[in-house]
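The structure appears right after this line, and notes come after that.
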2 protein chains.
Amino acid sequence: MSAASLDCQDRVARLLDQLTRLARGLQFADGLNPAQWDCLRFISRANAHSRTPGAIATFLGTTKGTASQTIIALEGKGFVRREKDPCDRRICRLVITDAGKTKLENDPLRCVRHAAERLPHGTAEMLADGLEQLVCDLRIRHGCHEFGVCNKCGHFIGSGDKAKATCGLLQESIPQTETNRICVSFKKREPAVELGSD
Amino acid sequence: MSAASLDCQDRVARLLDQLTRLARGLQFADGLNPAQWDCLRFISRANAHSRTPGAIATFLGTTKGTASQTIIALEGKGFVRREKDPCDRRICRLVITDAGKTKLENDPLRCVRHAAERLPHGTAEMLADGLEQLVCDLRIRHGCHEFGVCNKCGHFIGSGDKAKATCGLLQESIPQTETNRICVSFKKREPAVELGSD
DNA sequence: CCCACTAGTATCGACTCGAAACTATTAAGC
DNA sequence: GCTTAATAGTTTCGAGTCGATACTAGTGGG
């Protein structure tokens with residue numbers, strides 16, 4: 001409410017503005033552009049169900065047409081490969097090539113992580129908490145979907161046997177290598193309620 | 001160093017990634033795109049010396065050609081006007097029109113500020129401090145210039161009489177309305193040193 | 001078998017992006 | 001004063017984003 005506190009909220013907004021510009025600038029690197037880096041990065045972190053053009057469009061907040069174009073560009077540069085799904089031939093699975101994996105090792109956004117590592121002890125925690133609140137607030141107010149990994153998802157059915165995880169939505173078992181990957185169908189897990197009033 | 005602390009640095013990086021995407025998405029609004037909003041926003045905050053195509057390119061980290069194109073788009077939409085400098089006819093001064101001012105009142109990034117205002121007491125301060133360190137680190141490592149306002153600039157020569165501020169670089173007096181505006185020629189003010197060893 | 005639905009692609013026009021070539025205009029050297 | 005260099009902007013190019021719209025192909029229900 002005070003002038004000083006108003007000032008600091010302004011600082012947050014302007015620093016984020018700077019950071020956004022900085023991060024964007026960094027991503028015009030190595031022959032790719034920000035959209036292509038975003039796409040490549042997502043494919044590398046997504047579960048099998050989400051490594052498709054449609055899922056990429058949903059995650060990146062764009063349209064299927066745009067996503068398709070970006071994929072074509074990445075394919076042309078040899079960083080991504082298309083594979084038809086044998087079960088449902090409408091679906092196109094995206095696979096990162098070896099060249100793509102090598103490329104990702106030089107992800108220009110890696111330096112943001114390194115900068116976070118150089119922050120003093122405790123600062124990174126506070127920063128992460130503050131950012132989380134900010135992101136959460138913005139997401140709610142702008143109706144943006146939240147994405148998360150399988151093993152924290154409301155559809156995840158885990159058993160004592162770690163090797164036998166299942167997705168309640170797709171009715172499919174989830175390989176252990178996939179449980180820690182991002183899914184476009186992520187649903188926030190409800191806190192266990194005993195007395196629900198529908 | 002621990003796994004937990006590694007996790008939180010990862011959180012910072014990913015939250016910033018999300019925030020960047022969110023902010024970018026918000027800026028495809030109202031008939032403008034992110035580059036155009038950035039440009040309009042900068043012109044409204046820059047001092048007279050910096051309201052030129054070249055300065056915009058420097059500040060936004062792009063080329064003069066690209067900045068020129070963005071200005072043409074804004075001019076076509078009636079938010080910006082060009083004026084030839086009478087002293088140096090190479091220079092083109094940019095002026096925001098009334099329509100441009102109205103437009104800026106609905107700046108989509110305003111909501112980031114509002115989100116910051118809704119943070120609990122103290123969180124915004126910590127967030128701003130953490131972000132500042134991060135931005136500073138990234139700027140140094142990537143050779144990006146820092147921009148600031150006249151009255152905090154190393155070239156600023158203020159006197160007891162507030163109305164008589166001067167810019168040591170341009171050898172020009174600075175009107176009072178301009179002292180709080182961004183300048184592309186900003187130079188970090190050296191802490192007063194008495195015994196300098198050159 | 002038809003029809004609705006879904007996944008993805010193709011095409012359009014407006015625009016960004018960097019790079020490079022270009023036009024004015026000013027300043028500096030002789 | 002005249003040439004030359006530097007500066008401020010613009011133009012043009014090709015690749016690519018972006019949303020919108022129309023399209024193809026495969027799936028599944030009635």
Side-chain angles (χ1 to χ4, degrees), chain A residues 21 24-40 43 48-77 79-94 108 170 184-185, chain B residues 20-21 24-40 43 48-77 79-94 169-171 184-185:
Chain A
R21 207 180 347 273
R24 189 171 153 74
L26 288 171
Q27 290 184 90
F28 282 99
D30 239 337
L32 298 190
N33 62 34
Q36 290 165 1
W37 276 113
D38 259 353
C39 182
L40 198 58
I43 299 174
H49 168 58
S50 308
R51 292 194 285 267
T52 66
I56 289 170
T58 305
F59 184 80
L60 299 182
T62 179
T63 59
K64 287 189 299 174
T66 300
S68 191
Q69 289 302 104
T70 302
I71 294 160
I72 288 169
L74 284 175
E75 203 179 11
K77 290 172 183 175
F79 301 132
V80 151
R81 203 175 55 240
R82 269 170 229 255
E83 283 178 6
K84 276 276 168 204
D85 185 305
C87 303
D88 185 338
R89 313 243 341 265
R90 287 171 303 183
I91 296 173
C92 163
R93 305 275 170 207
L94 297 163
L170 303 173
V184 272
S185 304
Chain B
T20 298
R21 207 181 345 274
R24 188 170 154 74
L26 288 171
Q27 288 185 94
F28 282 100
D30 238 340
L32 298 189
N33 64 35
Q36 291 165 359
W37 276 114
D38 259 353
C39 183
L40 199 58
I43 298 174
H49 169 59
S50 306
R51 292 194 284 268
T52 66
I56 290 171
T58 306
F59 183 81
L60 299 182
T62 178
T63 60
K64 287 191 297 173
T66 299
S68 191
Q69 288 301 106
T70 302
I71 293 160
I72 289 169
L74 284 175
E75 204 179 11
K77 290 172 184 174
F79 301 132
V80 151
R81 203 175 53 239
R82 269 170 229 255
E83 282 177 8
K84 275 275 168 206
D85 185 305
C87 304
D88 187 337
R89 313 243 340 266
R90 288 172 301 185
I91 295 173
C92 163
R93 305 274 170 206
L94 297 163
L169 180 71
L170 304 173
Q171 300 287 350
V184 270
S185 303

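Proteins get letters first, then strands, A, B, ... in listed order; numbering begins at 1 in each.
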Completion exercise
In this structure, OG1 of Thr66(B) is separated from CD1 of Ile56(B) (nearest 0.5 Å) by 12.0 Å

Practice task
Look at Thr52(B) and dA8(D) and indicate whether a side-chain polar atom (N or O) is within less than 4.0 Å of OP1 or OP2.
Solution key: no

Handout entry: Nearest-nucleotide comparison on DNA chain C, the residue closer to the 5′ end among Lys84(A) and Phe28(A)
Key = Lys84(A)

Completion exercise
In whole angstroms, the gap separating C1' of dG9(D) from CZ of Arg51(B) amounts to 18 Å

Exercise for the section: Return yes if the base of dT27(D) and the side-chain atoms of Arg90(A) contain a donor-acceptor N/O pair under 3.5 Å, otherwise no. Expected result: no

Problem - Spacing of Arg51(B) atom CZ and Arg93(B) atom CZ [to the nearest 0.5 Å] - result: 8.0 Å

Fill in the blank from the handout: Atom CG of Leu32(A) and atom P of dC17(C) are separated, to the nearest Å, by 17 Å

Problem - Under 3.5 Å donor-acceptor pair, Ser68(B) side-chain atoms to dG9(D) base atoms - result: no

Exercise for the section: Compare side-chain N and O positions of Asn33(A) against OP1 and OP2 of dT17(D) and report whether any pair is under 4.0 Å apart. Expected result: yes

Problem - Over 12 foreign heavy atoms within 6.0 Å of CZ, Arg89(A) - result: no

Problem - Euclidean distance, atom CZ of residue Arg89(A) to atom P of dG28(D) [Å, nearest integer] - result: 13 Å

Fill in the blank from the handout: Separation of dA14(C) atom P from Ile71(B) atom CD1, nearest Å, is 21 Å

Practice task
Measure from the side chain of Ala73(A), starting at C-beta and using heavy atoms only, and say which of dT27(D), dT17(D), dT25(C) lies closest.
Solution key: dT17(D)

Problem - Nucleotide dC15(C), atom C1' - distance to CG of Leu60(B) in whole Å - result: 16 Å

Practice task
Taking the side chain as every heavy atom from C-beta outward, state whether Ile72(A) and Gln69(A) have any atom pair closer than 4.5 Å.
Solution key: yes

Handout entry: Integer-rounded Å distance: dT17(D) P and Leu40(A) CG
Key = 13 Å

Practice task
Select base, sugar-phosphate, or nothing to describe what Lys77(A) touches, counting heavy atoms under 4.0 Å on all strands.
Solution key: sugar-phosphate

Practice task
Just call it for Gln69(A): base, sugar-phosphate, or nothing, with non-hydrogen atoms closer than 4.0 Å on any strand.
Solution key: base

Handout entry: Residue whose closest nucleotide on DNA chain C lies nearer the 5' end, Ile72(A) versus Ile91(A)
Key = Ile91(A)

Practice task
Would you tell me if any nitrogen or oxygen in the side chain of Thr62(B) comes within less than 4.0 Å of OP1 or OP2 on dT16(C)?
Solution key: no

Practice task
Describe the nucleic acid contact of Arg93(A) in one word from base, sugar-phosphate, nothing, applying a heavy-atom distance below 4.0 Å.
Solution key: nothing

Handout entry: From CG (Leu32(B)) to CG (Leu74(B)), nearest 0.5 Å
Key = 6.5 Å

Practice task
May I have the distance from Arg82(B) (atom CZ) to dG9(D) (atom P), rounded to whole angstrom?
Solution key: 10 Å

Handout entry: Nearest listed nucleotide, side chain of Thr63(B), among dC17(C), dT17(D), dG18(C)
Key = dG18(C)

Practice task
Measure the CD-CG distance between Gln36(B) and Asp30(B) for me, rounded to the nearest 0.5 Å.
Solution key: 11.5 Å

Handout entry: Proximity to the side chain of Pro53(B) - top-ranked nucleotide from dT17(D), dT16(C), dG9(D)
Key = dG9(D)

Fill in the blank from the handout: Comparing Gly65(A) with Cys87(A), nearest DNA chain D nucleotide closer to 5' gives the residue Gly65(A)

Exercise for the section: Choose from dT9(C), dT17(D), dC17(C) the nucleotide whose nearest atom is closest to any side-chain atom of Lys64(A). Expected result: dT9(C)

Practice task
Round to a whole Å and report the spacing from CG of Leu26(A) to P of dC17(C).
Solution key: 15 Å

